[in-house]
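Step one of this worksheet: look at the structure below.
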Amino acid sequence: MGCVVAKVAVSKAVYAIDKPYDYLVPAALEDRLRPGMRVLVPFGAGNRGSDGIVLALHQQESGGGLKAVTAALDEEPVLDRHGLQMALWMRERYFCTVYDAVKAMLPAGLYYALRDCVKLTADREVAYEASQGSVAATKLVEMLLVWDGQGEMEQIRAGFGPKDPAPAIRYLVERGAAEIVTSAQRGVGDKTEKLAVLAMPSEEAMALVTPRRKTAPLRYSVTELLCQLGAASAKELCYFTGASMPTIKSLEKSGILTLEQQEVFRRVQLDDVPPKPLPQLNEEQQAALEGLDRLCRAEKPAVALLYGVTGSGKTQVYIRLIQQVLDRGGSAMVLVPEIALTPQLLRVFAAHFGQEIAVLHSSLPAGERYDEWKRARSGKARVVIGTRSAVFAPLRNLSLLILDEEQEGSYKSENTPRYHARDVAKYRCVQENALLVLGSATPAVETMYSAREGVYHQFTLTQRYNQKALPQVHIVDLKEELREGNGGAISGLLAREIGDNLTRGEQTILLLNRRGASRMVSCGECGEVPQCPRCSVKLTYHSANGRLMCHYCGFSQPLPHACPACGGKLNFIGVGTQRVQEELEERFPGVEVLRMDSDTVTAAHSHEKILEQFRSGKAPILLGTQMVAKGLDFENVTLVGVVLADQSLFMDDFRAGERTFSLLTQVVGRAGRGEKTGRAVIQTFTPDHDVIRFAARQDYEHFYQQEIQLRRLRREPPFRDVFVLTASGPEETGVLRCCVKLRQALEGALAHLNQEWELLGPAPAAVAKVNNRYRYRLTLSTKNCRGVRELLGRLIAQAHQDRENRGISVYGDLNPY
DNA sequence: AGCACGCCGACT
DNA sequence: GTCGGCGTGCTC
């Protein structure tokens with residue numbers, strides 16, 4: 001007698017034991033179940049429910065000893081053959097489980113939150129009867145009766161406190177008084193922002209929390225703040241008071257506030273955008289279009305670099321190219337960096353493709369994201385535009401994939417699976433025989449290298465839009481400024497230029513590198529700088545809420561009145577945007593300075609609103625971090641100032657030069673987009689640094705020449721790949737021991753490797769401790785090949801299973817930074 | 001990682 | 001004599 005067996009990638013299987021597990025398909029599901037559908041299966045000794053995805057189905061003589069699939073979670077496959085293949089590819093390349101990859105590929109709205117519940121199967125008396133003999137079981141019965149006979153595992157754990165409820169549950173289950181059920185419910189996830197609204201008159205609310213002000217200070221502070229505001233996002237409440245989500249939740253339970261779903265990213269209305277005729281192209285653009293279109297129609301997949309200086313009209317080429325793809329019945333995808341996905345950009349595309357567009361963005365509300373995903377899958381939308389994760393969008397007949405600003409770091413995921421959208425895009429284009437277009441004014445060194453080597457096709461746009469000259473750039477030596485007694489953030493020259501702009505009624509953009517934008521406090525007496533108790537970083541001061549905060553773990557505390565160590569007076573150090581703003585207001589009294597950084601960008605004051613305010617010309621100066629450098633086209637901006645160019649230059653990673661060059665080039669290009677010629681001022685402590693000089697001249701060619709030589713010399717990408725293995729755990733010695741062991745195992749295995757390699761470490765990570773976990777890393781530089789990936793995968797799994805490594809987690813990352 | 005099975009000390 | 005401590009070993 002034959003039976004159907006499903007190979008399933010299981011969610012609860014961690015990396016070390018991740019493999020396809022065989023499950024019997026019950027007769028009732030035999031006709032319905034297909035590969036790519038998610039299922040609910042029992043897993044582990046406790047047969048707890050786990051979700052999984054069917055990788056394959058096959059006939060087998062007997063299914064002896066196999067467990068059976070509990071239920072199908074989908075009506076239709078959520079991944080096709082290519083999708084499943086890609087998940088397997090991601091596992092090998094990014095050292096994640098197959099299901100981790102699957103989760104990254106599916107929209108959050110489709111994600112099932114699995115809840116284990118304990119359900120009483122007997123009535124009140126019988127249940128009590130059965131629980132006789134175990135105090136804990138009796139307590140559990142009482143708890144469950146209060147909750148109408150059923151309770152979630154989380155609730156029960158909370159109710160039991162430090163005691164483990166598992167034995168009590170087993171006790172009842174064995175006696176047939178209860179059962180464990182796993183329910184799959186579409187989870188909304190915590191991605192969407194919750195809006196807290198005061199649920200009663202403020203006097204009443206305050207009366208409720210005031211008596212316990214001493215014992216529950218956070219509840220008090222949150223309520224107090226909410227009374228003032230009436231409504232605020234839960235995130236903001238936490239930010240300003242230092243509370244965390246449980247506090248808010250408990251206030252909700254007490255009926256003091258209610259939580260409502262709020263859309264983080266308002267779905268941009270694209271219905272009312274008037275259609276536009278196709279853009280006219282100049283000769284260069286036309287040549288690029290024709291070349292790209294030829295590649296797109298070719299039998300074989302290809303990669304092309306569209307290298308065009310800022311303002312050379314890459315977008316027009318994209319639009320024409322997409323139109324031709326649509327005319328042939330294909331579909332296309334445009335990926336942009338996180339910060340570049342603005343309503344303006346969406347409108348440009350909507351003007352040409354209208355309802356054919358689906359927008360996929362990680363901060364879209366889960367429901368809408370799911371809708372857009374479905375529109376793409378059904379073929380209703382044939383142009384997907386989105387950020388990193390949109391690379392997985394279920395488009396059919398994909399024939400063109402555009403990665404704009406391909407050098408941007410936001411294409412690399414910093415969480416499991418640590419994929420790079422460029423790599424995934426490349427893989428996908430090969431799978432589906434599509435053309436991959438990498439667009440950039442400052443391509444990643446690896447990309448340009450491939451283009452020069454003839455691996456990628458290259459198309460170049462050299463002419464700036466309406467033939468505008470590049471801005472005049474001045475480099476200011478801040479050492480010189482210091483010698484002349486100006487220790488402020490704004491040099492004499494920059495101040496004069498700003499002054500000129502003010503009198504002329506023209507606008508100025510000032511950029512502060514994020515790394516330098518943090519502001520710390522330091523004791524004037526003993527020099528102490530308050531540090532995060534859980535992480536090895538200094539706390540940074542946020543004036544918006546008057547607190548010292550940790551950017552790594554979210555810890556925060558009110559700014560102390562005096563030094564906690566010696567009682568001395570605290571001074572502010574570091575040049576933050578706030579500090580520059582103050583300095584500007586001093587120098588130019590009465591002039592409005594718009595500030596844009598992660599502090600000022602909140603639910604109420606979005607990115608877009610600030611930019612709109614600036615665009616309308618109300619404020620003469622816009623000051624901000626990286627976000628001001630990207631894709632802003634303002635007619636009236638004639639001056640760009642880089643307050644401090646050095647910060648990103650002296651990081652200890654090989655991409656520092658490339659990133660600095662790209663950032664400076666982009667921001668300098670922001671000056672003079674309109675009729676008037678622009679100027680730029682770059683302030684730096686290292687005015688002779690080549691990267692800064694090349695960027696000032698917008699000279700990518702020489703920057704590239706120098707950088708590629710350096711990379712060759714140092715054996716960095718593209719000549720080799722970098723694998724970083726990071727171990728983290730609560731005890732430093734254990735983590736270190738784990739790394740040393742890993743290193744030894746690696747060295748042994750690498751000895752037989754038939755290619756060059758170099759192994760560094762263990763060394764503490766740049767931030768050695770995060771959330772009370774110490775982090776050490778090994779760095780292996782060698783050419784990325786299957787052998788190395790398999791070796792590393794094996795070693796990570798091994799480390800995971802090592803008894804000595806309890807509590808330590810190890811992960812691998814390919815070409816991080 | 002979880003979770004069960006299994007073998008030793010503090011209580012009814 | 002049992003409840004419950006945490007030391008090994010497996011997960012279809």
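Numbers restart at 1 for each chain; the letters A, B, ... are given by sequence-line order, proteins then strands.
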Which residues share a side-chain hydrogen bond (donor to acceptor under 3.5 Å, both in side chains) with K769(A), sequence neighbours left out: none
For D80(A), all residues meeting side-chain hydrogen bond (donor to acceptor under 3.5 Å, both in side chains), sequence neighbours excluded: none
Residue pairs fulfilling ring-ring contact (aromatic ring centres under 6.0 Å, His included) with at least one residue in residues 48-75 of chain A, sequence neighbours excluded: none
Pairs touching residues 15-41 of chain A that satisfy ring-ring contact (aromatic ring centres under 6.0 Å, His included), sequence neighbours left out: Y21(A)-F43(A)
Qualifying residues under side-chain contact (heavy atoms from CB on, under 4.5 Å), relative to E804(A), sequence neighbours excluded: R737(A), K741(A), D802(A)
Any residue meeting side-chain contact (heavy atoms from CB on, under 4.5 Å) with A425(A), in chain and number order, not counting sequence neighbours: V391(A), L401(A), L436(A)
Touch class at under 4.0 angstrom, heavy-atom based, for G52(A) against every strand present: nothing
Base versus backbone protein contacts along nucleotides 6-12 of chain B [heavy-atom cut-off under 4.0 Å; B, S, -]: -------
Protein-to-nucleotide contact annotation, 5' to 3' order, nucleotides 7-12 of chain C [B base; S sugar-phosphate only; - none; under 4.0 Å, heavy atom]: --BBBB
Within 6.0 angstrom of K783(A) NZ, more than 12 heavy atoms from elsewhere: yes
Output all residues satisfying ring-ring contact (aromatic ring centres under 6.0 Å, His included) with [X], sequence neighbours left out; order by chain, then residue number.
X: F723(A); value: none
X: Y811(A); value: none
X: F654(A); value: Y817(A)

Pairwise 5' ranking along DNA chain B for G46(A) and G807(A), keeping only the more 5' one: G807(A)
Duplex segments of DNA chain C, taken as runs of at least three Watson-Crick or G-U pairs that stay under 3.5 Å: B:1-11 with C:1-11
